[in-house]
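These numbers were taken from a predicted model, which means no experiment stands behind them. Read the numbers this way: they start at 1 and go in the same order the structure lists the ligands and their atoms.
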Amino acid sequence: MTLQNYHNTLSCKFTVTWNIHKAFIAQHGYALDVFTLLSSISWVVGTISQAYYAAGNAFQDAFVQSRRSLGLAAHSVNLGIIDDVGYISQNETLSSRVQSRSGLPRIGEAQLHEMLRLSVAQQTAGPNQERAITDV
Ligand SMILES: NC(=O)c1ccc[n+]([C@@H]2O[C@H](COP(=O)([O-])OP(=O)(O)OC[C@H]3O[C@@H](n4cnc5c(N)ncnc54)[C@H](OP(=O)(O)O)[C@@H]3O)[C@@H](O)[C@H]2O)c1
């Protein structure tokens, strides 16, 4: 890992997340009703040579807990490998390497859409509905 790799990866996870969080409160005067973060399951299970990526994803999950403790909407989705859209789907070598090193589950775009739908529903539903959605 180079220092530049570390900063690049943390920047798109940390700085961008923090900027969105702050911008809506400081500049627009209101908090977001829905704030879904795309984290990765890789930091939970541990994948070889991805310490900086793990740090970024761990930050996202912790950030969600922090926002929720302030009564603000937030939800993090720990994705596996997405087959047909996104960065990994455009790079076959990377896709094979991540798959062989991690054994992560693969999902398709339709499943991703469904996860995002449930994430939004979970943040906008009342307590009783939230339980029902979580139980699905
Ligand atoms: N693809 C997967 O299999 C997979 C698996 C697990 C988790 N995830 C997570 O899902 C998220 C999206 O992944 P992806 O595969 O869709 O990646 P992607 O195709 O590379 O898209 C990344 C997006 O982030 C934007 N971005 C990157 N750095 C930025 C910065 N510093 N400031 C503002 N915007 C920035 C890019 O903007 P531009 O288009 O302008 O460059 C692009 O729209 C990531 O957080 C990733 O960790 C993906």
Check: N8/S11 side-chain N/O donor and acceptor closer than 3.5 Å: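 No - no donor-acceptor pair under 3.5 Å links their side chains.
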Polar contact flag, side-chain donor to acceptor under 3.5 angstrom, S89-D83: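 Distance-only check fails for S89 and D83.
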Minimum heavy-atom distance L10-Y52, with the two atoms named: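 Looking at all heavy atoms of both residues, the closest pair is CD2-O, 4.1 Å.
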Under 4.0 Å from ligand 1 - residues by heavy atom, chain and number: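 The 4.0 Å shell around ligand 1 contains C12, K13, V16, L38, S39, S40, Y53, L79, G80, I81, I82, G86, Y87, I88.
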Aromatic plane relationship, H21 with W18 - under 30° parallel, 30 to 60° tilted, over 60° perpendicular: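 It falls in the tilted class, 30° to 60°.
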Fellow cluster residues of L70, listed by chain then number, with links counted only when side-chain atoms sit under 4.5 Å apart: I25, L72
Side-chain heavy-atom pair R68, H75 within 4.5 angstrom cut-off: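 Yes, their side chains come closer than 4.5 Å.
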